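The chains referred to below are lettered A, B, ... by the order of the sequence lines, with proteins before strands, and numbering in each begins at 1. No experiment lies behind these values; they were computed from the predicted model shown.
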Amino acid sequence: MEDFIKQYGFLIIQMTFAAMLGLSMYLPLMAGQLSLASAGFYAIGGYIAAVMSTTVFAVPRGAPFPIEHLLMEMLVAGVVSAILAVIVGVPSLRLRGIYLALATIALVEIVRVVSLNLEITGGAIGIFGIPQPFNDKFSYGYIAFPMLLISAFFAYRLERSRIGRAFVSIREDELAAAAMGVNPTYYKVLSFVMGAVLAGMVGAVSAHFLNTWNSRQGTFDASVLYLAFVIIGGSRTFVGPIMGGLLLTALPEVLRALANTPDLFAAPVAKFLSDGRWIVYGVLIVIGTIFFPQGLITPSLFKWRPLKRWGLGRAKPALKEETA
Amino acid sequence: MDFNVLIQNVFNGLAVGGVYAIFALGYTLVFSILGIINFAHGAVFTLGAYFTYAFLGARFGFNGLLANQQLPFGVPFPLATLFGGLAAGVISVLIERVAFRPLRNRGADPLLTLVSSLGVAVAIVNVIQYLVGAEAYSYPSLTISLGIPPSVMLGGERPIVIRTVQIIIFSVSMVVLVLLTYFINYTKVGKALQAVAEDQITSRLLGINTDRLIVVTFFVSGFVGGIAGTLVGLSVSITGPYFGIAFGLKGLAVIVLGGLGSVPGAVLGGLVIGLGEALVPAQYVGYKDAIAFAVLFIVLLVRPRGILGRTLVQKV
Amino acid sequence: MNKSILSRIFVVLSLLFVLVLGVAAEDAKPTPADPNLPPVKIGVAVAQTSNVALFGQEQVIGAQIAEAYFNERGGINGRPVQLVFQDTAGDEAGAINAFQTLIADDVVGILGPTLSQQAFSADPIAEQAGVPVIAPSNTAKGIPQIGEFISRVSAPVAIVAPNSVKAALKIDPTIQRVAVFYAQNDAFSTSESGTFQETVKELGLEMLEPVQTFQTTDTDFSAQITNALAGNPQLVIISGLAVDGGNLVRQLREFGYTGLIVGGNGLNTANIFPVCQALCDGVLVAQAYSYSADTEINNAFREVYVEQQGKNPPQFSAQAFAGIQVFVESLIQLDDEQGLDNLDLATLRAELNKIILSGRKFDTPLGTISFTEEGEIVQESFYVAQIQMNEDGTTGSFVFLEEDAKEE
């Protein structure tokens with residue numbers, strides 16, 4: 001067990017962060033908003049922590065970084081993300097579907113390019129030597145696990161609250177929701193801000209967790225990956241993106257481990273699993289979408305109606321209606 | 001900026017815009033008919049370039065499964081380009097069959113198709129690397145194969161320079177634009193495609209074989225994408241398995257800016273972004289990519305459906 | 001990793017082959033390592049996938065050649081060297097995961113990762129576990145300072161760059177106006193360009209402002225070229241990587257620039273030939289490795305590489321070879337001094353690191369190198385070469401111009 005934690009402690013925390021990033025993508029999607037901005041807020045949160053911990057909060061080399069400073073950075077990252085999300089969200093959330101997605105990708109790309117050009121973000125090299133609050137990577141669990149539990153509980157309560165129902169009503173039919181007195185703009189921006197805050201805070205911890213931060217973190221590719229977390233995991237309950245994040249992050253390492261396990265596979269197969277593991281990853285994503293069109297986790301899994309489980313739920317071709 | 005430089009920049013912008021446009025044409029076609037963003041388009045574009053390389057009878061490098069392999073025959077470049085396009089078209093049809101059709105038959109959420117196409121893209125890129133390695137490949141230059149000078153100079157003292165290969169790309173994208181527009185608007189198949197785009201179920205009821213038409217769409221999209229890959233490869237060489245993927249983000253911006261699903265819009269979007277990037281002042285050239293996206297953001301705020309996008313009456 | 005029957009048969013067959021050769025070629029051949037002895041495992045964590053795979057691929061080849069080369073020559077006093085490869089892909093988390101896997105696999109040391117950014121992320125992991133790391137290609141400032149266990153065979157650029165500019169001035173003393181381009185999203189190119197810009201100023205040349213930046217993923221450079229050519233430069237200096245650098249050279253020429261071009265160390269690879277083809281001709285390149293260096297070990301390395309790959313070895317492969325060589329020769333010394341079998345893994349790793357950093361010299365394809373106590377490479381030979389393309393326009397060679405005097 002100890003050896004397992006030693007080898008996979010990092011991966012477990014990485015999976016936890018991925019689950020939260022999936023969740024941060026899911027929150028706007030709950031209100032029907034396809035936003036890919038999470039990666040941008042993640043990047044910004046990381047830069048905030050990286051800059052603060054190497055300047056105002058700097059500790060001598062090798063000295064432990066006080067956890068209260070880490071929490072403070074997370075708070076700052078959350079607040080900055082929230083403010084930015086309101087500024088970006090109010091004008092852009094009148095866009096729909098893929099147009100909104102593109103506007104949010106624009107944000108992600110602008111963050112990347114600006115951080116490459118600014119002095120404070122360290123250009124291409126980025127910021128390194130970020131001080132460590134913990135002695136080993138698995139101890140980041142002291143932050144990551146409660147964070148995931150709290151955000152999952154928050155999402156659970158949200159789904160059952162008036163706000164959550166307002167989100168869903170906008171997702172299902174914005175006009176009808178507005179007619180019934182739900183203020184769509186308010187709730188859309190709210191969902192967007194929630195996702196941004198979560199992503200920003202995860203970014204802040206991640207900067208410490210990865211020891212370094214640079215413009216390669218939180219790019220367009222990352223955004224699309226987070227979206228895959230939600231879609232593969234399931235976009236109708238908060239458990240979906242969490243599962244999606246956990247599974248898709250673990251998958252490449254599971255394939256690596258399989259390839260390395262002696263005598264499990266014939267040598268050519270093992271070699272393929274190791275050299276071609278991204279091929280397998282891609283194929284599994286395709287298979288996942290085809291055989292689990294509702295995602296792996298659907299709300300009906302939690303209700304005792306086994307017949308509804310497989311593909312009989314209603315699918316909503318959201319984009320199609322708008323652009324046909 | 002003096003006048004000569006300004007004119008040069010405009011030409012640069014049109015040339016880059018031509019590249020964006022030619023990438024986006026096949027991309028937007030699938031969207032216009034099916035309403036899905038096909039992330040695998042970049043991978044098909046890449047494959048087209050590699051297929052052409054293979055049809056030239058050229059040898060693959062020293063890494064990957066196909067190290068040192070080559071076809072027993074080689075054909076001249078224009079023919080190889082055509083074959084490369086056809087092969088890319090076939091792959092595109094296969095992708096539709098494997099990754100999209102099962103989802104369409106269930107009436108699944110378009111987001112699902114997007115993620116599925118992402119999976120296809122990841123798989124294809126890595127298959128390419130597995131087979132032929134990560135190194136760059138290139139076709140014999142135009143100068144050597146056809147005796148065409150690498151660039152055209154206009155004017156005397158400080159000439160305006162245009163790279164020949166960019167002129168080819170720009171012209172081909174214009175030709176493709178005209179052909180596609182004609183195909184969609186004036187042929188029977190094209191009109192049937194429009195009907196499918198409007199409403200798949202109704203058109204099926206009207207006796208249109210939608211599945212076959214969608215196969216046609218994917219074939220044409222892949223064919224155009226494959227040719228585009230070859231031409232861009234001619235301009236900048238095949239830079240590795242991520243060759244086309246690198247255009248994916250800009251390509252998406254281009255088709256959204258022009259108006260999703262609008263074929264002329266894709267070309268217009270490409271040219272607008274190309275010109276925007278070329279006209280960035282010299283000292284801010286580091287912000288070039290950001291400025292393209294900032295322009296996109298602002299245009300979207302003013303025209304939420306892109307420049308040539310159709311506004312729709314909202315359904316209740 | 002486990003050997004299948006097939007690969008065992010292969011090993012036996014190749015051993016037989018070597019034996020037969022050995023008999024035929026008299027007694028000159030050294031005894032190869034004994035495959036029945038327990039191997040010494042060295043980890044290699046480089047980017048075998050993702051969009052930096054081009055470099056990782058070259059590093060894998062270099063490391064593999066080193067593995068075969070040293071095993072043929074007796075391995076570590078008879079014990080074979082076994083390389084364990086783990087793909088880092090192109091990201092930071094991937095590098096950490098690969099490092100963790102290797103450390104758990106009980107390797108004595110790790111060669112990797114490919115990118116400096118990945119090193120800042122993964123090296124602290126190895127540092128904490130007390131596993132020596134040799135960076136094959138990390139050139140950013142601050143890499144050896146990550147920790148006691150971190151060293152590198154990739155020279156930072158401060159020494160190489162100025163000489164290539166001086167070489168250009170030697171060819172064309174009338175040079176006054178210089179345009180500088182660099183890839184702003186690449187750590188190496190960014191710091192290298194800093195050195196180039198200082199050199200230009202120190203030599204009293206006029207640097208055209210603003211400096212033009214691009215991204216390694218860019219393929220069109222017309223905007224930057226138009227900006228730079230407006231100042232009518234007589235020398236262009238490029239810090240970039242193979243594909244982007246090659247395209248930039250090609251487009252500069254196609255836009256009618258006829259002056260000299262100096263390419264940074266990133267252009268020191270035959271991978272640029274297919275990109276700029278005939279237009280690569282005449283580019284001056286700063287080299288931390290020259291395949292034409294006439295030393296015994298480099299000749300041996302180049303011979304195997306050319307036979308396998310059909311072209312001359314690039315710097316990334318040579319650096320990976322040198323990294324493995326440093327491990328192997330230090331292990332031999334450690335075995336001679338203390339006996340590897342007498343040491344537990346943790347001590348072995350620590351002692352190995354001590355030997356690497358002891359300042360002893362290694363005769364590698366990069367020339368004679370040693371390390372400072374901090375782990376920074378002390379490299380004695382740097383080169384400036386000029387690219388000469390063949391008639392066919394797709395193959396060419398780096399023609400060696402001058403060897404730099406010893407580093408101050």
Evaluate the side-chain proximity of [Y] to [X]: yes if any heavy-atom separation is below 4.5 Å, no if none is.
{"X": "Asn227(C)", "Y": "Val285(B)", "result": "yes"}
{"X": "Arg250(C)", "Y": "Arg163(B)", "result": "yes"}
{"X": "Glu277(B)", "Y": "Asp220(C)", "result": "no"}
{"X": "Thr226(C)", "Y": "Val5(B)", "result": "yes"}
{"X": "Lys288(B)", "Y": "Thr213(C)", "result": "no"}

Below 4.5 Å from any heavy atom of chain B, which atoms of [X] appear? Answer side chain, backbone, both or neither.
{"X": "Asn247(C)", "value": "side chain"}
{"X": "Gln215(C)", "value": "side chain"}
{"X": "Pro274(C)", "value": "both"}
{"X": "Ile61(C)", "value": "side chain"}
{"X": "Val243(C)", "value": "side chain"}
{"X": "Gln48(C)", "value": "backbone"}
{"X": "Gln184(C)", "value": "side chain"}

Restricting to non-hydrogen atoms, name the atom on [X] and the atom on [Y] that form the minimum distance, rounded to 0.1 Å.
{"X": "Gln212(C)", "Y": "Ala282(B)", "value": "NE2-O, 3.6 Å"}
{"X": "Ala223(C)", "Y": "Asn12(B)", "value": "N-ND2, 4.1 Å"}
{"X": "Val16(B)", "Y": "Ser222(C)", "value": "CG2-OG, 3.9 Å"}
{"X": "Glu254(C)", "Y": "Ser151(B)", "value": "O-OG, 2.6 Å"}

Which atoms of [X] are under 4.5 Å from chain C, going by heavy atoms: the side chain, the backbone, both sets, or neither?
{"X": "Thr164(B)", "result": "neither"}
{"X": "Asp289(B)", "result": "side chain"}
{"X": "Gln283(B)", "result": "both"}

How about CD on Glu206(C), more than 12 heavy atoms from neighbouring residues, nucleotides or ligands closer than 6.0 Å, or not?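 Yes.
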For the pair Phe247(B) and Thr219(C), evaluate side-chain contact (heavy atoms from CB on, under 4.5 Å) and give the outcome as yes or no after the intermediate values. CA-CA 10 Å; Phe247(B) 288 95; Thr219(C) 47; 3.8 Å; yes
Among Pro241(B), Ala246(B), Ser237(B), which residue has the highest count of heavy-atom pairs closer than 4.5 Å to chain C?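 Maximum pair count with chain C is reached by Ser237(B).
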Between Leu229(C), Thr49(C), Asn271(C), Thr217(C), which residue shows the highest count of heavy-atom pairs closer than 4.5 Å to chain B?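 So the answer, after comparing Leu229(C), Thr49(C), Asn271(C), Thr217(C), is Thr49(C).
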Quick one: which of Ala228(C), Ser50(C), Cys276(C), Gly310(C) has the most heavy-atom pairs under 4.5 Å with chain B, could you say?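 Ranked by contacts with chain B, first place is Ser50(C).
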Using 0.5 Å steps for rounding, measure from the CG atom of Leu54(C) to the CG atom of Asn63(B).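 If we round to the nearest 0.5 Å, Leu54(C):CG and Asn63(B):CG are 9.0 Å apart.
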Would you compute the distance between atom CD of Gln309(C) and atom CD of Glu135(B) and round it to the nearest 0.5 angstrom?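 Rounded to the nearest 0.5 Å, the CD-CD separation comes to 8.0 Å.
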